[in-house]
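Input: a single structure, listed below in structure tokens.
Bear in mind that the values here come from a model prediction, so they are computed numbers and not experimental data. Atoms within each ligand, like the ligands themselves, are counted from 1 in listed order.
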Amino acid sequence: MALSSSVYILNAATPTLEQERLDFQHHHLFKPLAGKLVPEHILIHLQARSEPKVADLATGTGLWLQELASQLPSDATLDGYDYDVSKFRATETLPANVRLGFGDVLKPFSSELHGRYDLVHLRLLMYALKADQWAKVCENVLTLLKPGGWLLWGETGYPMWQCFPISPAWNQYLDIEMRGAGMLGRDVAVPLRLLQQVRDAGFVDCDDKHFSSISVTGLEKRMTQLMRAISFQSLRGLVEKGGVEGMRTHDEAERLTRAIMEDMKSREANCGMTWVWGLGAG
Ligand SMILES: C[S@@+](CC[C@H](N)C(=O)[O-])C[C@H]1O[C@@H](n2cnc3c(N)ncnc32)[C@H](O)[C@@H]1O
């Protein structure tokens, strides 16, 4: 898929901003939220196998894969795929068994990758997929898994982004975001349907686990920083796709981002994440 025809809007703004935000949210939000990179039963499954193989789809910078490498035996293979290879960490900074390459989650993977992986991981595709594409991705993941291999999907979404007490600016942002998502064909309820979508695709032993930043001490300041980064990037991206009523220019985007930051001085923000996992039958 050409990047320009994708619904993914977070590449807008400066080239390094996306990499910085992805690394920041990995270190300061998603890893502290779950306290680990994968659920214990999946880690045990990987560690018990000789030459375990892991794929990370829509890998971004490849940071999750790089960190997982240190928890697996040195004969493990860790392959990262993204349709935008410009974000990848430099090869020389990666462990020798981590490889990053092009891969589009919406296209069938080549047949030599079929049945190759013990774990396929995805995280944060809420901005990347249209409502009807989640099932297609699940279908493509199934082709990559060995029989008995795991899918693990970490996702956030608008239903998990809140401010306490209510922030008028943040609510305005969510309203604009959801109208923009509708315009682009994305599902505004992500990730509330994900467990069912994974089950419907044919995975078995499926389950989920929910995390909230507000229940982890020490994340408050990081949450505010993240809100600034995400609102700045997503509003810019939306404007570049034509925008929605009330959000058509970069000036309007900057004004709203500033208003959100002002509101945050007297409020607490929450971001949630859900892990969904399922076993490829076989
Ligand atoms: C929010 S980032 C998450 C990156 C990484 N999974 C993480 O958690 O840090 C979403 C990623 O999806 C990638 N992406 C979007 N559409 C894609 C597609 N159709 N195929 C592969 N990657 C895609 C983007 O390039 C971006 O790196």
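When each atom of ligand 1 is checked for a heavy atom of Gly103 under 4.0 Å away, the hits are 20 (N), 21 (C). Heavy-atom contacts of Ala128 reach the following atoms of ligand 1: 15 (C), 16 (N) (cutoff under 4.0 Å). Within ligand 1, the atoms closer than 4.0 Å to a non-hydrogen atom of Leu124 are 1 (C), 2 (S), 3 (C), 8 (O), 10 (C), numbered from 1 in the order shown. Each of the following atoms of ligand 1 lies closer than 4.0 Å to a heavy atom of Asp84: 25 (O). Close approach to Lys87 involves these atoms of ligand 1, each under 4.0 Å from a residue heavy atom: 24 (C), 25 (O), 26 (C), 27 (O).
Checked by atom type, the side-chain pair Asp23/Gln19 shows no donor-acceptor distance below 3.5 Å. Of the N and O atoms on the side chains of Asn270 and Ser213, at least one donor lies less than 3.5 Å from an acceptor on the other residue. When only modelled atom types and interatomic distance are considered, Arg99 and Tyr81 share no side-chain donor-acceptor pair under 3.5 Å. Side-chain atoms of Trp64 and Thr59 form no donor-acceptor pair, as typed in the model, at a separation below 3.5 Å. Between the side chains of Asp84 and Ser86, at least one donor-acceptor pair of N or O atoms lies under 3.5 Å.
Ligand 1 has no nitrogen or oxygen under 3.5 angstrom from a nitrogen or oxygen of Arg21. Inclusion of Ala58 in the set of residues having an N or O under 3.5 Å from an N or O of ligand 1 is warranted. Every N/O-N/O distance between Glu18 and ligand 1 stays at or above 3.5 Å. Ligand 1 has a nitrogen or oxygen under 3.5 angstrom from a nitrogen or oxygen of Val105. The N/O atoms of Asp82, backbone and side chain alike, include one that comes under 3.5 Å of an N/O atom in ligand 1. An N or O contact shorter than 3.5 Å links Arg123 to ligand 1 by distance.
Nearest heavy atoms, Ala269 versus Met223: O-CG, 4.0 Å.
By heavy-atom distance, the residue among Tyr83, Trp64, Phe102 lying nearest atom 15 (C) of ligand 1 is Tyr83.
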For this session: In sequence, state the C-alpha distance, the side-chain angles, and the governing distance for Met183 and Leu238, and then conclude on side-chain contact (heavy atoms from CB on, under 4.5 Å).
Result: CA-CA 10 Å; Met183 175 189 87; Leu238 185 58; 4.0 Å; yes
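Under the 4.0 angstrom criterion for non-hydrogen atoms, His26 is not in contact with ligand 1. Under a 4.0 Å heavy-atom criterion, Leu125 is not in contact with ligand 1.
In this structure a side-chain-to-backbone donor-acceptor pair under 3.5 Å is missing from Asp118 to Gly149.
Side-chain contacts under 4.5 Å among hydrophobic residues (ILVMFWY), followed directly or transitively, place Ile214 together with Phe164.
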